[in-house]
Amino acid sequence: MKPVRKAIFPVAGLGTRFLPATKAQPKEMLPIIDKPLIQFAVEEALDAGITHLILVIGRTKRAIADHFDSNPELDAILRAKGKSEMADYLSTIIPKSACAIYLRQAEALGLGHAVACAAPLIEPDEPFAVLLADDLLEGETPVLSQMVAAYQQTGRPLVAVQSVDPSETGSYGIVDADLPLVGQSSRVRSMVEKPTPDEAPSNLAVVGRYILDGSIMQVLKDQTPGRGGEIQLTDGIRALIETTGVDAFRYNGCRYDCGSKLGYIEATLAHALRHPEYGPHVRAFMAANYTESTK
Ligand code: G1P
């Protein structure tokens with residue numbers, strides 16, 4: 001079985017839910033306190049042993065490439081000010097053992113199309129990960145590492161899932177599978193992109209972490225548009241069910257849907273409350289200003 005060394009980050013979406021903040025900057029650069037969402041996802045991938053970070057970018061996404069490039073001018077200023085710890089940190093976000101590759105998705109034709117843009121970089125029998133940076137996933141063991149461990153056991157592609165309220169199935173890819181125990185998988189029988197609650201085979205939703213097989217690239221290239229007139233990754237994965245088989249993996253951890261304002265606020269609040277320096281102040285501020293009004 002080949003190791004999972006490559007990860008695709010589709011970051012070409014327009015981020016319309018966060019306008020005006022995302023008019024001129026990528027939604028993946030929105031920070032949780034001081035770290036942009038894309039960096040959380042990149043660090044999760046690096047933790048899982050990924051060495052090739054493939055970022056599929058679009059217009060207005062230059063800031064993402066700039067973020068991971070070295071910045072000699074800033075480095076010199078930080079060192080002159082005695083802030084070499086920060087300078088060292090910034091220069092090792094992507095360690096020398098890994099590389100970032102930037103591809104352009106010339107047209108916004110859907111998530112499946114964005115993933116297929118990386119086809120020339122993936123062997124037909126090579127596993128690869130996909131991470132959607134606006135899903136911020138946190139676990140004691142990083143979620144992609146949990147998934148790589150599960151993949152090493154079975155050699156089968158897998159998608160991260162969680163249960164959602166049945167009224168929310170229209171926002172997710174939904175799998176037809178038995179609910180696995182936390183940290184375990186079950187076989188996917190079918191998969192459908194954003195079904196209405198009536199059409200949904202279950203309330204097990206795919207969240208933005210996948211380990212897929214290179215054979216999906218040809219499937220995606222030949223695929224016709226699906227839900228919303230877009231080339232859907234879910235439709236491509238459904239084809240893998242017949243060939244490699246696909247597992248639904250119930251990760252151990254929590255998810256913040258930072259593609260929505262509420263999820264983004266929750267993530268920010270959770271991080272602020274447990275921040276070693278600011279956490280106590282945030283708690284005191286909340287207690288002083290909000291306890292009475294929330295009773
Ligand atoms: C995408 C996928 C969907 C998945 C979701 C997870 O949808 O198409 O299958 O459940 O990510 O966040 P999007 O949120 O980009 O509309």
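Indexing begins at 1, ligand by ligand and atom by atom, following the structure's order.
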Item to complete: Using a strict cut-off of 4.0 Å, indicate which atoms of ligand 1 neighbour a heavy atom of Gly173.
Response: 3 (C), 4 (C), 9 (O), 10 (O)
Fill in: Sidechain N-carboxylate O distance under 4.0 Å for Lys35, Glu43
yes
Practice prompt. Start with the C-alpha gap between Thr196 and Asp198, add the side-chain angles, then the distance that decides, and say whether side-chain hydrogen bond (donor to acceptor under 3.5 Å, both in side chains) holds.
Written response: CA-CA 5 Å; Thr196 62; Asp198 288 350; 5.1 Å; no
Worksheet item: With ring centroids as reference points, do Tyr210 and Phe128 lie under 6.0 angstrom apart?
Response: no
Discussion item. Tell me if a side-chain donor or acceptor on Arg209 pairs with a main-chain N or O of Leu132 at a distance below 3.5 Å.
Written reply: yes
Worksheet item: Do any nitrogen or oxygen atoms of Tyr172 come within less than 3.5 Å of a nitrogen or oxygen of ligand 1?
Response: no
Worksheet item: Do any pairs count as a salt bridge (Lys or Arg N to Asp or Glu O under 4.0 Å) and have a residue in residues 173-192, sequence neighbours left out, and if so which ones?
Response: Asp176-Arg189, Asp178-Arg189, Arg187-Asp247
Worksheet item: Does the ring center of Tyr278 lie less than 6.0 Å from the ring center of His271?
Response: no
Practice prompt. State whether the shortest distance between N or O atoms of Arg17 and N or O atoms of ligand 1 falls below 3.5 angstrom.
Written response: no
Practice prompt. Begin with the C-alpha distance, continue with both residues' side-chain angles, and end with the deciding distance and a verdict on side-chain contact (heavy atoms from CB on, under 4.5 Å) for Val246 and Leu158.
Written response: CA-CA 5 Å; Val246 175; Leu158 63 158; 5.8 Å; no
Item to complete: Decide whether His67 and Gln39 meet the rule of one side-chain donor and one side-chain acceptor closer than 3.5 Å.
Response: yes
Worksheet item: So which bit of Asp257 gets within less than 4.0 Å of ligand 1, heavy atoms only: side chain, backbone, both or neither?
Response: neither
Discussion item. Would you say atom 14 (O) of ligand 1 makes contact with the protein, given that contact here means a non-hydrogen protein atom less than 4.0 Å away?
Written reply: no
Worksheet, complete the sentence: Counting from 1 in the order shown, the ligand 1 atoms closer than 4.0 Å to a non-hydrogen atom of Thr234 are 9 (O)
Worksheet item: Polar-atom distance check: Lys194 versus ligand 1, any N or O pair below 3.5 Å?
Response: yes
Worksheet item: Tell me: protein heavy atom nearest atom 9 (O) of ligand 1, and distance?
Response: Glu193 OE1, 2.7 Å
Response to the item:
Under 4.0 Å from one or more heavy atoms of Asp135, ligand 1 contributes atoms 6 (C), 12 (O)
Practice prompt. Please say whether Leu132 places an N or O atom under 3.5 Å from an N or O atom belonging to ligand 1.
Written response: no
Worksheet entry | Contact check, Val206 vs ligand 1, heavy-atom distance below 4.0 Å | yes
